[in-house]
Amino acid sequence: NQDFKNMRNEGPVTKENIAWMELHILETLERKHKSLNSQNFIHLYTKFVKLINDKPYLCLLFQNIPFTLYDMIHLYPYQMKDTISFLTQLFFVAKYMNDEHILHNDLHYFNVMVDIPLQPTDLKFFDKSTNTWYILPKQDKIYYVIDYGVAEINHSVSNFYEWKKFFTYFQSRLPFPFVISKMTSFTEMFQQILRL
């Protein structure tokens with residue numbers, strides 16, 4: 001509820017207005033994904049303000065997604081094809097975030113949700129740097145990044161190293177098709193993904 005004291009704050013994001021920044025980031029990403037016909041985003045059904053003990057609270061209602069990445073890795077033995085799907089989907093999520101200058105600042109496998117569609121689904125992705133559409137056919141899992149509570153918009157920094165650290169963490173836990181730790185850009189990572 002402290003956020004309501006700073007709704008008109010035009011200065012830097014502080015702990016008092018992070019809920020409004022999270023809402024802004026969620027809405028920005030939803031617009032980005034929808035404009036590119038992507039399914040890899042958390043849908044925000046509604047937002048509203050509720051008074052509790054005469055104090056206003058910002059409430060956000062999301063779609064329900066049943067599993068975290070932690071659940072999936074520990075319940076389901078990932079084969080190489082699963083890792084390639086995981087890498088490719090989250091690579092484009094990372095790029096879409098980077099296009100909007102968004103740093104997540106809290107990437108880990110409890111902040112990645114996984115849905116299992118009723119039937120395998122084709123996913124479309126757009127690479128802005130090459131102006132090219134890609135199709136990832138018959139996906140049996142769809143990955144979503146959640147929890148933008150400490151995220152920020154920063155026009156001077158790429159989010160590549162944040163995502164590189166995230167992917168590198170899984171390199172020893174999943175069958176990986178290439179080594180990520182030596183990569184220095186999204187372009188280099190994508191060249192490896194395209195070879196698959």
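In this text, all values refer to a predicted model and were calculated from it rather than measured experimentally. Note: hydrogens, waters and symmetry copies are ignored here, and every other heavy atom, side chains too, is used.
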Novice: What do you reckon, are the aromatic ring centroids of Tyr148 and His104 less than 6.0 Å apart?
Specialist: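 That pair passes the under 6.0 Å test.
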Novice: Asp82 versus Gln79: any side-chain heavy-atom pair under 4.5 Å?
Specialist: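 Asp82 reaches Gln79 side chain to side chain.
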Novice: If you round to the nearest 0.5 Å, how far is CD of Glu22 from CH2 of Trp20?
Specialist: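 The CH2 atom of Trp20 sits 12.0 Å away from the CD atom of Glu22.
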Novice: Tell me, which pairs form a side chain to side chain donor-acceptor pair (under 3.5 Å) where one or both residues lie in residues 187-196, sequence neighbours left out?
Specialist: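 For residues 187-196, and leaving out neighbouring residues, the side chain to side chain donor-acceptor pair (under 3.5 Å) pairs sorted by first residue read Thr184-Glu188.
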Novice: Would you say Asn98's side chain and Asn159's backbone share a donor-acceptor pair under 3.5 angstrom?
Specialist: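 Looks like yes, one N/O pair under 3.5 Å.
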Novice: Just so I know, are the side chains of Phe167 and Leu107 near enough to count as touching, which here means a heavy-atom distance under 4.5 Å?
Specialist: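 Of all side-chain heavy-atom pairs linking Leu107 with Phe167, none is under 4.5 Å.
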Novice: Using the test salt bridge (charged side-chain N to carboxylate O under 4.0 Å, His left out), find all partners of Asp106 that sit at least two apart in sequence or belong to another chain.
Specialist: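 With sequence neighbours excluded, Asp106 shows a salt bridge (charged side-chain N to carboxylate O under 4.0 Å, His left out) to no residue whatsoever.
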Novice: Using side chain to side chain contact (heavy atoms under 4.5 Å, CB included), reason through Ser185 and Phe190 one step at a time and then give a plain yes or no.
Specialist: CA-CA 9 Å; Ser185 69; Phe190 193 45; over 6 Å; no
Novice: Taking ring-ring contact (aromatic ring centres under 6.0 Å, His included) as the definition, give me every residue that meets it alongside Phe62, ordered by chain and number, with sequence neighbours left out.
Specialist: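 Partners of Phe62 under the ring-ring contact (aromatic ring centres under 6.0 Å, His included) test: none.
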Novice: Using the ring-ring contact (aromatic ring centres under 6.0 Å, His included) criterion, which residues pair with Tyr161? Sequence neighbours excluded.
Specialist: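 Scan of Tyr161 (ring-ring contact (aromatic ring centres under 6.0 Å, His included), adjacent residues dropped) gives none.
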Novice: Indicate, with yes or no, if Ile116 and Ile73 share a hydrophobic cluster defined by side-chain heavy-atom contacts under 4.5 Å among Ile, Leu, Val, Met, Phe, Trp and Tyr.
Specialist: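 Looking at the clustering, Ile116 is in the same group as Ile73.
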Novice: Give a yes or no answer on whether the side chain of Asp147 reaches the backbone of Asn111 with a donor-acceptor pair at less than 3.5 Å.
Specialist: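 The answer is no, because no donor-acceptor pair under 3.5 Å joins these two groups.
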Novice: According to side-chain contact (heavy atoms from CB on, under 4.5 Å), who are the partners of Asn154, at least two apart in sequence or on a separate chain?
Specialist: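 For Asn154, the residues satisfying side-chain contact (heavy atoms from CB on, under 4.5 Å) (neighbours in sequence not counted) are Leu103, Glu152, Ser156, Val157.
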Novice: If I compare all heavy atoms of Asp115 with all of Pro117, which pair ends up nearest, and what's the gap?
Specialist: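 Asp115 and Pro117 have their closest heavy atoms at O-CD, 3.6 Å.
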Novice: Could you measure the distance from the OG1 atom of Thr121 to the CG atom of Leu136? Nearest 0.5 Å is fine.
Specialist: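 Thr121 OG1 to Leu136 CG: 11.0 Å, rounded to 0.5 Å.
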Novice: Going by heavy atoms in the side chains, are Thr168 and Lys164 under 4.5 Å from each other?
Specialist: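 They are in side-chain contact.
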Novice: Who passes side-chain contact (heavy atoms from CB on, under 4.5 Å) against Asp122, sequence neighbours left out?
Specialist: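 So Asp122 forms a side-chain contact (heavy atoms from CB on, under 4.5 Å) with Ile135, Pro137, Lys138.
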Novice: In Å, rounded to the nearest 0.5 Å, how long is the span from CG of Leu26 to CZ of Arg31?
Specialist: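 Going from CG on Leu26 over to CZ on Arg31, the span is 11.0 Å.
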Novice: Can you sort out the partners of Thr132 under side-chain contact (heavy atoms from CB on, under 4.5 Å), two or more places apart, ordered by chain and number?
Specialist: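 Result, side-chain contact (heavy atoms from CB on, under 4.5 Å) vs Thr132: Thr130, Tyr134.
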Novice: For the atom pair OH (Tyr144) and CG (Leu29), what is the distance rounded to the nearest 0.5 Å?
Specialist: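 CG of Leu29 is found 14.0 Å from OH of Tyr144.
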Novice: Give me the atom names and distance for the closest heavy-atom approach of Met113 to Ile65.
Specialist: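 Looking at all heavy atoms of both residues, the shortest contact is CE-O, 3.2 Å.
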Novice: Checking Leu58 against Leu60 for the side chain to side chain contact (heavy atoms under 4.5 Å, CB included) test, could you report, in this order, the C-alpha distance in whole Å, the side-chain angles of both residues, the deciding distance, and whether it holds?
Specialist: CA-CA 7 Å; Leu58 176 64; Leu60 307 174; 4.2 Å; yes
Novice: Could you list the residues that satisfy ring-ring contact (aromatic ring centres under 6.0 Å, His included) with His101, not counting sequence neighbours?
Specialist: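 With sequence neighbours excluded, His101 shows a ring-ring contact (aromatic ring centres under 6.0 Å, His included) to His155, given in chain and number order.
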Novice: Is there side-chain contact between His43 and Lys34, with at least one heavy-atom pair below 4.5 Å?
Specialist: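 They are in contact (side-chain heavy atoms under 4.5 Å apart), so the answer is yes.
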Novice: Taking atom CG of Asp99 and atom OG1 of Thr28, what is their separation to the nearest 0.5 Å?
Specialist: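 The distance works out to 12.5 Å.
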Novice: Transitive ILVMFWY cluster of Tyr45 at side-chain heavy atoms under 4.5 Å: who else is in it?
Specialist: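 Traced through the cluster, Tyr45 reaches Leu61.
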Novice: Just to verify, what does Asp71 make a side-chain contact (heavy atoms from CB on, under 4.5 Å) with, not counting sequence neighbours?
Specialist: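 Testing Asp71 for side-chain contact (heavy atoms from CB on, under 4.5 Å), a comparison that skips the adjacent residues, returns Phe67, Thr68, Leu75.
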Novice: Name every donor-acceptor pair, under 3.5 Å, that has one atom in a side chain of residues 85-93 and the other anywhere in the protein, sequence neighbours excluded.
Specialist:
residue: Ser85; atom: OG; partner: Gln89; partner atom: NE2; Å: 3.0
residue: Ser85; atom: OG; partner: Gln139; partner atom: OE1; Å: 2.2
residue: Thr88; atom: OG1; partner: Ile84; partner atom: O; Å: 2.7
residue: Gln89; atom: OE1; partner: Asn40; partner atom: ND2; Å: 2.7
residue: Gln89; atom: OE1; partner: Tyr143; partner atom: N; Å: 3.0
residue: Gln89; atom: NE2; partner: Gln139; partner atom: OE1; Å: 3.3
residue: Gln89; atom: NE2; partner: Lys141; partner atom: O; Å: 2.9

Novice: Taking distance alone, no hydrogens or angles, what donor-acceptor pairs closer than 3.5 Å link side-chain atoms of residues 170-183 to residues at least two apart or in another chain?
Specialist:
residue: Gln171; atom: OE1; partner: Ile180; partner atom: N; Å: 2.9
residue: Arg173; atom: NE; partner: Tyr169; partner atom: OH; Å: 3.3
residue: Arg173; atom: NH1; partner: Tyr169; partner atom: O; Å: 2.7

Novice: Are Ser35 and Phe126 close enough that some pair of their side-chain heavy atoms sits under 4.5 Å apart?
Specialist: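 Not touching, per the 4.5 Å side-chain cut-off.
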Novice: Does the plane of the ring in Tyr109 sit parallel, tilted or perpendicular to the ring in Tyr70? Use 30° and 60° as the thresholds.
Specialist: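 The arrangement is perpendicular - the two ring planes meet at more than 60°.
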Novice: Taking the six-membered ring for Trp, is the centroid-to-centroid distance between Phe166 and Trp163 below 6.0 Å?
Specialist: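 That pair passes the under 6.0 Å test.
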Novice: Which value, rounded to the nearest 0.5 Å, describes the distance between Ile25 atom CD1 and Met97 atom CE?
Specialist: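 Reported value, rounded in 0.5 Å steps: 7.5 Å.
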Novice: Measure the shortest side-chain to side-chain distance between Glu100 and Ile153 over non-hydrogen atoms and say whether it is less than 4.5 angstrom.
Specialist: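 No - every pair of side-chain heavy atoms lies 4.5 Å or more apart.
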Novice: Could you check whether any side-chain heavy atom of Val112 comes within less than 4.5 Å of a side-chain heavy atom of Ile146, counting everything from C-beta outward?
Specialist: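 They are not in contact (no side-chain heavy atoms under 4.5 Å apart), so the answer is no.
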Novice: Tell me which one of Lys32, Glu30, Lys124, His33 satisfies side-chain hydrogen bond (donor to acceptor under 3.5 Å, both in side chains) with Ser38.
Specialist: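 The passing option is His33.
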Novice: Less than 4.5 Å apart, any side-chain heavy atom of His24 and any of Ile102?
Specialist: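 Not in contact.
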